[in-house]
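The structure appears right after this line, and notes come after that.
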Amino acid sequence: AVIQSQGQPRPPLSRPSAPPPAVGQQLEPEQLRRNQSRGLLSWTSPGAWGPAYLRGPRPARATALAESARTRRKTMFFFSALDVNRDMYVSAEEFKPIAELLRVIKPLSGSEKAQEVVKEEKSSLQEKLTIVARFQPLLLDTMSNSKSGFREISDIILSGLKNWTNPALSSSVFSASQFKAFLPPRNDMELGEVWWIIPDTVLTTGVYLSDNRFYPPPPKGKEVIIHKLLSMFHTRPFVKTRFGPQGTVACLTAISGSYYTVAFRIHAEFQLNQPLHYPFWFCPSQFTGHIILSKNSSHVQDFKLFVPNERSLNVGLQWLHGPLLNPHVDLGYLPQMKLEASGPSMPSSIQDEKSNETDSCLSSKEAVQFKMEDIVWQQELSREEAAQQLERAMYDFKKVQYLPFTKAFDRARTEKKLVHSVILWGALDDQSCSGHTLRNIVLKNSSIITLLNEKFISTWSLFEDLEKILNEENEFYKKLAQLHLEKYEFPVESLVCLPNGTVVCGFFSLSSGQFLSIPSSDLGTKPCGAGRAIMPNSLLSLFSLPSFPSFLPSPSFPLLLPLPLSLPFFLFLPSSVSPVFPSLSPFLSLFHPYLSPFS
């Protein structure tokens with residue numbers, strides 16, 4: 001295979017110009033070595049010219065011929081698997097999966113080996129914590145592709161997922177000091193105050209990581225313990241997700257004289273395939289948990305890490321059919337993915353008064369019994385409050401209160417406000433979500449957050465939860481769910497509604513990760529000189545409602561218009577709402593960063 005990385009054409013292949021040697025002619029040693037290195041021609045005796053598999057006894061020739069054919073088939077399969085665009089060249093981009101395999105791991109030097117030995121000796125004197133992994137594989141029938149019998153996905157692509165039925169390690173022993181990464185960075189931190197264990201680089205750089213990867217980068221610093229813990233589930237964990245928010249956050253939930261309780265949330269994912277297969281990403285909704293450890297990290301009282309399983313879908317799945325193609329996505333349900341300590345950390349050996357060492361890891365009858373001190377907490381924070389603090393740190397859009405679907409419309413009727421309603425295939429507030437663009441671009445905008453807090457009641461709902469409401473007895477709630485389901489477009493839809501459930505207009509629509517303009521059938525157009533006036537019919541229906549003025553809390557009330565991005569437009573508004581223009585700029589930017597009102 002020829003790898004073309006600089007865009008230069010491949011030179012034509014040429015045959016050796018030298019004629020074959022005459023019968024009985026002996027080749028020079030250098031010429032013989034050069035010919036044999038080409039792998040096709042060999043001269044084992046004078047006059048033997050031609051491919052090696054055409055010489056010798058018949059059975060040997062047949063075996064050599066079959067092996068040569070197998071080699072050619074393997075070579076062609078290898079090349080065709082990489083040559084995605086079928087141009088008979090393997091580009092640098094197409095070669096990336098193989099480049100991953102060619103990474104050279106530098107062996108440890110003598111001094112580094114000595115340092116590792118010293119670390120192990122020191123570690124043997126520390127307390128040990130046994131972590132146990134519990135794992136139940138993803139239920140394949142919860143994926144939407146299961147409805148078609150996975151006809152659009154090959155078994156090769158799904159092999160990594162189907163073969164992952166057990167944790168990589170059922171248990172592992174850690175030193176208590178390894179959990180030092182979970183300690184707060186300052187001694188004066190208050191309950192609920194959040195800090196980053198692994199910072200979000202997407203937040204600071206705005207650069208998303210590539211989908212076309214197989215092996216995680218070597219962990220550094222505080223990433224090491226997170227990577228080692230997650231490696232108990234699978235051998236290829238990525239401690240930072242490809243899209244934000246990524247990393248690990250933590251906060252204090254309890255403080256005593258000698259101990260902390262730390263709650264944490266981890267956004268990480270796994271790569272289930274290896275070359276020559278294409279990447280298959282497994283992204284749990286989140287890893288959450290807590291740790292109780294001493295302030296000097298010499299003792300760990302308790303540890304627990306798990307993927308929440310209360311929701312019907314809690315894992316995002318994404319795979320490639322080729323390195324140059326857009327990824328395919330699906331969601332699924334994972335019953336169990338959990339790590340927990342089998343008990344408090346214990347010293348591996350103890351010394352009596354005469355300095356005699358006794359192994360603490362003996363059989364149950366001979367084991368040393370330790371009496372753990374009771375921890376008296378001076379300050380405590382509930383797990384629910386801690387979870388909310390961690391969510392707000394991860395997601396800016398959580399600065400807006402999102403109520404359950406039915407409660408949101410109940411409050412809207414009481415407070416006479418419009419409802420901002422988001423319908424999704426997956427949850428909006430975790431990493432299995434299909435609404436990354438909505439929450440990471442639109443809903444995190446400070447102007448949008450201010451507007452939603454002041455003028456709207458907000459809610460988000462799973463599509464299947466709305467379907468369940470259709471089976472309830474409350475007719476009003478059934479009507480609300482039906483109106484939303486009629487407007488839903490896979491995978492994410494964001495709507496502005498009146499308190500009675502009438503959908504005023506689409507706030508945002510997402511399909512396969514891209515912005516959508518509204519269908520042409522939903523547009524009302526009107527000639528106006530050289531330009532065209534574009535107005536959604538749903539917006540016109542808003543103006544025609546007799547009760548519409550009551551939903552204008554102030555002259556600065558904005559209108560959210562799903563306008564096509566590819567067309568210039570003039571926006572015509574009734575004179576009664578013309579004062580809204582000054583406040584339209586931040587909201588037209590929802591649809592394009594350079595859209596703004598003008599007169």
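Side-chain contact check for Leu334 versus Pro284: every heavy-atom pair is 4.5 Å or farther apart. Side-chain contact between Met143 and Leu161 is present, with heavy atoms from C-beta onward closer than 4.5 Å. Annotation: side chain of Ile292 is in contact with side chain of Trp377 (closest heavy-atom distance under 4.5 Å). Annotation: side chain of Gln274 is in contact with side chain of Tyr215 (closest heavy-atom distance under 4.5 Å). Looking at Leu230 and Phe270, their side chains come closer than 4.5 Å, going by heavy atoms from C-beta outward. Between Ile469 and Asp465, the closest side-chain pair of non-hydrogen atoms is not below 4.5 Å. Taking 4.5 Å as the limit, every side-chain heavy atom of Phe150 sits out of range of all side-chain heavy atoms of Ile157. In this structure, Leu317 and Phe282 have side chains that are in contact, with non-hydrogen atoms separated by less than 4.5 Å.
Within 6.0 Å of CD in Glu193 there are more than 12 heavy atoms belonging to other residues, nucleotides or ligands. The local environment of CG in Asn187 is sparse, with at most 12 non-hydrogen atoms from other residues, nucleotides or ligands closer than 6.0 Å.
Under the ring pair (Phe, Tyr, Trp, His ring centres under 6.0 Å) criterion, Phe179 pairs with Phe174, Phe303, not counting sequence neighbours.
In this structure, the side chain of Lys399 does not engage the main chain of Thr450 through any donor-acceptor pair within 3.5 Å. Distance alone, capped at 3.5 Å, places no donor-acceptor pair between the Ser172 side chain and the Ile131 backbone. Of the possible polar contacts, one joining the Gln389 side chain to the Gly192 backbone as a donor-acceptor pair under 3.5 Å is found. For the pair Thr288 (side chain) and Phe264 (backbone), a donor-acceptor distance under 3.5 Å is present. Side-chain atoms of Gln271 come within 3.5 Å of backbone atoms of Phe280 as a donor-acceptor pair (strictly under, hydrogens ignored). Asp330 contributes a side-chain N or O that, together with a main-chain N or O of Asn145, makes up a donor-acceptor pair within less than 3.5 Å. Although no hydrogens or angles enter the test, the distance criterion places no donor-acceptor pair under 3.5 Å between the side chain of Arg265 and the main chain of Gln286. In this structure a side-chain-to-backbone donor-acceptor pair under 3.5 Å is present from Tyr333 to Asn309. Within the 3.5 Å criterion, the main-chain N or O of Ser177 finds no donor-acceptor partner in the side chain of Ser175. With Lys417 contributing its side chain and Glu454 its backbone, the two residues share a donor-acceptor pair below 3.5 Å.
In this structure, Phe233 and Phe287 have parallel ring planes: the angle between them is below the 30° cut-off, well short of the 60° mark. Relative orientation of the His267 and Tyr395 rings is tilted, given thresholds of 30° and 60° on the angle between their planes. Aromatic ring pairs are classed by plane angle as parallel below 30°, tilted from 30° to 60° and perpendicular above 60°; the pair Trp164 and His234 is perpendicular.
Annotation: salt bridge (charged side-chain N to carboxylate O under 4.0 Å, His left out) contacts involving residues 157-174, sequence neighbours excluded, comprise Asp155-Lys162.
Put simply, CD1 on Ile226 and CD1 on Ile197 are 5.5 Å apart, with the number rounded to the nearest 0.5 Å. Here the CZ atom belonging to Phe238 is positioned 7.5 Å from the CD atom belonging to Glu269, to the nearest 0.5 angstrom. A distance of 10.5 Å separates CZ in Arg236 from OG in Ser231, rounded to the nearest 0.5 Å. Rounded to the nearest 0.5 angstrom, Leu403 CG and Asp410 CG are separated by 10.0 Å. For the atom pair CD (Glu380) and CD (Glu385), the distance works out to 11.5 Å, reported to the nearest 0.5 Å. Summarising the geometry, atom OG belonging to Ser447 is positioned 10.5 Å from atom CG belonging to Leu452; distances are rounded to the nearest 0.5 Å.
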- request: Step by step, work out the side-chain contact (heavy atoms from CB on, under 4.5 Å) result for Arg134 and Glu340.
  value: CA-CA 8 Å; Arg134 292 181 172 85; Glu340 59 183 346; 2.5 Å; yes
query: Given the rule in the side-chain contact (heavy atoms from CB on, under 4.5 Å) test, do Asp211 and Phe243 qualify, once you have shown the distances and angles that lead to the verdict?
result: CA-CA 10 Å; Asp211 292 323; Phe243 48 83; over 6 Å; no
message: Walk me through whether Lys240 and Glu223 qualify under side-chain contact (heavy atoms from CB on, under 4.5 Å).
response: CA-CA 9 Å; Lys240 291 184 178 180; Glu223 297 176 359; 3.7 Å; yes
message: Go through it in stages, so that I can follow the logic: the residues are Ser298 and Asn296, the test is side chain to side chain donor-acceptor pair (under 3.5 Å), and I'd like the CA-CA distance, side-chain angles, deciding distance and then a yes or no.
response: CA-CA 6 Å; Ser298 63; Asn296 61 3; 2.7 Å; yes
field: Test side-chain contact (heavy atoms from CB on, under 4.5 Å) applied to Val239 and Thr248, step by step
entry: CA-CA 8 Å; Val239 298; Thr248 301; over 6 Å; no
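When only modelled atom types and interatomic distance are considered, Lys128 and Ser345 share no side-chain donor-acceptor pair under 3.5 Å. Between the side chains of Gln246 and Thr201, at least one donor-acceptor pair of N or O atoms lies under 3.5 Å. Between Ser432 and Asp430, the side chains place a donor N or O and an acceptor N or O closer than 3.5 Å (distance only, hydrogens not considered).
Listed here is the closest heavy atom pair of Leu191 and Ala254: CD2-N, 3.6 Å. In this structure, Gly426 and Leu424 approach most closely via the heavy-atom pair O-CB, 3.0 Å. Between Gly332 and Thr142, the shortest heavy-atom distance links the atoms CA-OG1, 3.5 Å. The two residues Met189 and Arg186 come nearest to each other via the heavy atoms CG-O, 3.4 Å. Closest non-hydrogen pair, His277 versus Ser159, comes out as CD2-OG, 3.9 Å. The two residues Val262 and Ala250 have their closest heavy-atom pair at CG1-CB, 3.7 Å.
Of the charged side-chain nitrogens involved, at least one lies within less than 4.0 Å of a carboxylate oxygen, so that Arg311 and Asp429 count as a salt-bridged pair.
Ring to ring, Phe182 and Tyr260 are not that close: their centroids are 6.0 angstrom or more apart.
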